[in-house]
Amino acid sequence: MKSGEIMEDNDLLKVRLEKIAALKAAGIDLYPNDIKPQNTTSEIISQFSSADSDALEQLTQKFSIAGRLMAMRNFGKAAFIKIQDRKGQIQSYIAKDILSTAAYFVFKKLDVGDIIYVSGKLFRTKTNELTIEATDLRLLSKAIRPLPEKWHGLTDVETRYRQRHLDLISNPAVKETFYRRSRIISLIRQFMDRHDFLEVETPMMQPRAGGAVARPFKTHHNTLDMDLYLRIAPELYLKRLVTGGLERVYEINRSFRNEGIDTFHNPEFTMMEFYRAYATYEDLMSFTEELFADIANHIFGGLKFSYQGIEIDMTPPWRRISVNDALIQMAGMEPAALHDKAQVIEFAKKTGCDVKENDPLGKILMAIFDEVVEKKLVQPTFVTDYPVAVSPLSRRSNSDPEIVDRFELYISGREIANAFSELNDPADQRDRFEQQIKEREAGDDEAHEMDEDYIHALEYAMPPTAGEGIGIDRLVMLFTDSASIRDVILFPLLRDKAPIKE
RNA sequence: GGGCUGUUAGCUCAGCGGUAGAGCAGCGGACUUUUAAUCCGUUGGCCGGGGGUUCAAAUCCCCCACGGCCCA
């Protein structure tokens, strides 16, 4: 095989390779880079949406666009084509007696999928469509492979995820989703900036994977001969920054959890964590309401929207309910039974939870909560008063040392955010880590490890602080009405497959 | 990890024991205002891979690979 030769026994490719040979023979550069389009499709369309034929005829201005040739309707010596750029599509009219002979020769060798440049005046067709009358046309990049079918687009989900470029070309709604994802993250940054938060970046490779309860990915640094973990959360580093006096910090970036994959979990996912000194978890509830309302207002122009056929109403204030009240009201537990471990275990087993006899009471209660209550929390709900046993980094409640000043936000039956007043008492933090170590020894490989370095930092005094983590992918799912997390992550993790057939 | 389900032409799909099909795309022809343009003609397949059953397998059975949905 000669280098640069494309080896595939496919008639469609052969035809295109023949066209390429003909273009080369005519001295056409197949991949030039000297062209600068002056306009975008949407800019032209919005600027001239109300201009009629006469108005356009008065215009002497020429417009130029570049993009992917998406459709071609040929009429002998003329044609209508659709060109798609990042903003949308516009039609162009090609006629043999308007283009130069050289440009018309190139046009006759084009295929749907090629990247081209067109310039010319605007006019309206008989059917009143705004159209560029091509006086110049250039090939900018020749496609060798055919695009998916124009009408149905690309629907095979596996191909859509593995070849996202095709998905983005063929399915406008997909492009719209990722534009919106970017917009949402931008709105969050603006909101945080308005509230005087500092955006920071903390290590993704950590010697101990702390800040959450999850199984980490392990890796190794060769020169330092040191095992490292991909972070499961940025929490402990962000709190060091609060101790360092930054007081209001946030980070929007990837965390990694070595766990299963489903419609709500991808092994790498994006989270925003933020910490605010001199605030409590209660302050963060209203802060969260404001943030989400701000996003909803910008995206939808209101606080009500539909997610998977169900109306979500983000009008503050949102429902607030304690874990225990939720278990009583929504799982049907007896108030008296909540403190009797034997009865709680019995209830847990009855509901199908996989619990161990020696698990702490709080952990079993949360297992029941996850099994029974979670899916019922459709409208935005803050669940509060978590057991200390499942909250090793949260401050104990002043009213009850067995619960912590913490909430989780549920929307559409899914955890979207987790927040608490931070534990800044180094002695208590040490006790909590030691409790976690006992659970690790009892077989819980997700339990937290001792982090002396973090405790050492707390010993320099961290101000009273509240912090929160928000699952950005899940938030984007809500605001884009996406059923699967894979629809809001450009390249979701899939099992490796033999490379695409060459 | 378990259950259900999918993998057939470049794409979207039908066929479900008896000679592999359609639409779109492609190719050839007609056509200078189309909107999934139209009309005529036409090329294209290791039916995901491997084993079986059968006179005969895309179709039935088993294993494997890669997805999807639901559950753990």
Side-chain angles (χ1 to χ4, degrees), chain A residues 6 8-20 22 45 53 56-57 69-84 88-99 104 107-114 120-134 143-167 169-172 259-266 308 348-349 351-355 367 370-372 374-375 413 482-487 492-502:
Chain A
I6 288 166
E8 191 165 350
D9 186 27
N10 180 319
D11 289 346
L12 295 169
L13 296 198
K14 276 183 196 157
V15 169
R16 297 216 178 184
L17 293 173
E18 282 162 20
K19 287 180 183 172
I20 283 173
I45 289 166
S53 283
L56 292 176
E57 213 155 305
L69 178 55
M70 294 300 287
M72 200 159 23
R73 290 184 282 276
N74 280 296
F75 294 84
K77 298 178 182 63
F80 288 95
I81 61 176
K82 284 268 186 195
I83 300 163
Q84 172 171 292
Q89 294 192 349
I90 196 165
Q91 178 170 269
S92 178
Y93 177 68
I94 308 291
K96 192 179 182 183
D97 54 14
I98 298 174
L99 274 183
Y104 193 72
F107 171 72
K108 293 310 272 183
K109 293 279 180 276
L110 292 184
D111 289 288
V112 169
D114 292 348
K121 287 184 61 181
L122 294 177
F123 75 107
R124 284 193 184 275
T125 63
K126 282 178 182 168
T127 51
N128 209 35
E129 179 160 348
L130 190 63
T131 302
I132 299 176
E133 185 183 75
I144 294 164
R145 296 179 186 278
L147 287 182
E149 192 215 0
K150 61 187 171 188
W151 186 242
H152 298 91
L154 180 66
T155 63
D156 181 80
V157 285
E158 188 174 352
T159 310
R160 288 185 43 223
Y161 299 147
R162 286 191 197 277
Q163 299 193 64
R164 186 68 94 176
H165 49 286
L166 292 180
D167 194 23
I169 292 166
S170 315
N171 298 321
E259 291 161 0
I261 296 176
D262 61 31
T263 47
F264 281 85
H265 297 85
N266 194 62
Q308 301 293 295
K349 287 185 171 165
T351 57
C353 299
D354 182 24
V355 294
D370 290 346
E371 181 70 27
V372 183
E374 200 176 286
K375 56 176 167 272
S482 298
S484 168
I485 197 168
R486 292 180 214 100
D487 294 327
L493 186 64
L494 297 182
R495 212 181 282 268
D496 195 24
K497 206 178 180 183
I500 303 162
K501 200 174 67 175
E502 264 301 327

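Being a predicted model, the structure only gives us computed values, none of them experimental. Order of the sequence lines fixes the chain letters, A, B, ..., with proteins taken first and strands second; residue numbering starts at 1 for each chain.
- Between A:Asp487 and A:Arg160 there is a salt bridge, since a side-chain N of the basic residue sits under 4.0 Å from a carboxylate O of the acidic one.
- In this structure, A:Tyr161 reaches the sugar-phosphate backbone alone: every heavy-atom distance under 4.0 Å involves primed, P, OP1 or OP2 atoms, never a base.
- One can place CG of A:Asp156 at 10 Å from P of B:U7, the figure rounded to the nearest angstrom.
- Within 4.0 Å of A:Gly352, counting heavy atoms only, lies no atom of the nucleic acid at all.
- Counting only heavy atoms from C-beta on, A:His152 has its side chain closest to B:U12 among B:C66, B:U12, B:U33.
- A salt bridge links A:Asp111 with A:Lys19: the distance from a Lys NZ or Arg NE/NH1/NH2 to an Asp or Glu carboxylate oxygen falls below 4.0 Å.
- Partner assigned to B:C69 is B:G3, using Watson-Crick or G-U wobble distances below 3.5 angstrom.
- Side-chain atoms of A:Gln91 and base atoms of B:U34 include a donor and an acceptor less than 3.5 Å apart.
- Using P as the reference atom, B:C24 and B:A20 are 24 Å apart when rounded to the nearest Å.
- Note on A:Lys150: every side-chain N or O is 4.0 Å or more away from OP1 and OP2 of B:U12.
- Using a 4.0 Å heavy-atom criterion, one finds that A:Arg495 contacts the sugar-phosphate atoms exclusively.
- We find that the ring of A:Phe80 and the base of B:U34 stack, their centres lying under 5.5 angstrom apart and their planes tilted less than 30°.
- On a pure distance criterion of 3.5 Å, a polar donor-acceptor pair joins the side chain of A:Tyr93 and the base of B:U32.
- With no hydrogens or angles considered, a side-chain donor-acceptor pair links A:Thr131 and A:Gln91 at under 3.5 Å.
- Looking at heavy-atom distances under 4.0 Å, A:Asn74 makes contact with a base.
- If you check every strand for non-hydrogen atoms under 4.0 Å, A:Thr159 touches nothing.
- In this structure, A:Ile94 reaches neither bases nor backbone, as no heavy-atom distance under 4.0 Å exists between it and the strands shown.
- Side-chain N or O atoms of A:Asp114 include one that pairs as donor or acceptor with a backbone N or O of A:Ala143 at under 3.5 Å.
- Using a 30° and 60° split on the angle between ring planes, A:Tyr93 and A:Phe80 fall in the tilted class, from 30° to 60°.
- Residue A:Arg486 is classed as a sugar-phosphate contact, given heavy-atom separations below 4.0 Å to backbone atoms only.
- A close approach under 4.0 Å does not occur between any side-chain nitrogen or oxygen of A:Thr125 and OP1 or OP2 of B:U34.
- A donor-acceptor contact shorter than 3.5 Å links the side chain of A:Ser92 to the backbone of A:Ile132.
- A:Asn128 places its CG atom 14 Å from the C1' atom of B:U34, with the value rounded to the nearest Å.
- Across the protein-nucleic acid pair, A:Met72 atom CE and B:A36 atom P stand 17 Å apart, rounded to whole Å.
- Look at the C1' atom in both B:G67 and B:G18: the space between them is 32 Å, to the nearest Å.
- For the pair A:Glu149 CD and B:U12 P, the interatomic distance rounds to 8 Å; values are reported in whole Å.
- Between the CG atom of A:Leu13 and the C1' atom of B:C11 there is a distance of 14 Å, given to the nearest Å.
- A:Gln84 has its CD atom 16 Å from the P atom of B:A36, to the nearest Å.
- Nearest nucleotide to the side chain of A:Asp97, out of B:C11, B:G26, B:U32: B:U32.
- Across all strands, A:Leu12 comes closer than 4.0 Å to base atoms (heavy-atom distances).
- We find that A:Glu158 and A:Arg495 are not joined by a salt bridge, their nearest charged nitrogen and carboxylate oxygen being 4.0 Å or further apart.
- Of the P atoms belonging to B:U5 and B:G21, the separation is 29 Å, rounded to the nearest Å.
- Within the structure, every side-chain polar atom (N or O) of A:Thr263 is placed at least 4.0 Å from both OP1 and OP2 of B:G68.
- Picking from B:G67, B:U34, B:U32 the nucleotide with the shortest atom distance to the side chain of A:Arg73 gives B:U34.
- Rounded to whole angstrom, the span from the CG atom of A:Asp11 across to the P atom of B:G44 amounts to 7 Å.
- Remark on RNA chain B: of its neighbouring residues A:Lys96 and A:Val15, the 5'-side contact belongs to A:Val15, judged by nearest-heavy-atom nucleotide.
- Residues A:Glu371 and A:Gly76 both approach RNA chain B. Their nearest nucleotides, taken by heavy-atom distance, put A:Gly76 toward the 5′ side.
- The CZ-C1' distance, from A:Arg162 to B:C66, rounds to 6 Å in whole Å.
- The residue A:Glu18 sits apart from the nucleic acid: no heavy atom pair falls under 4.0 Å.
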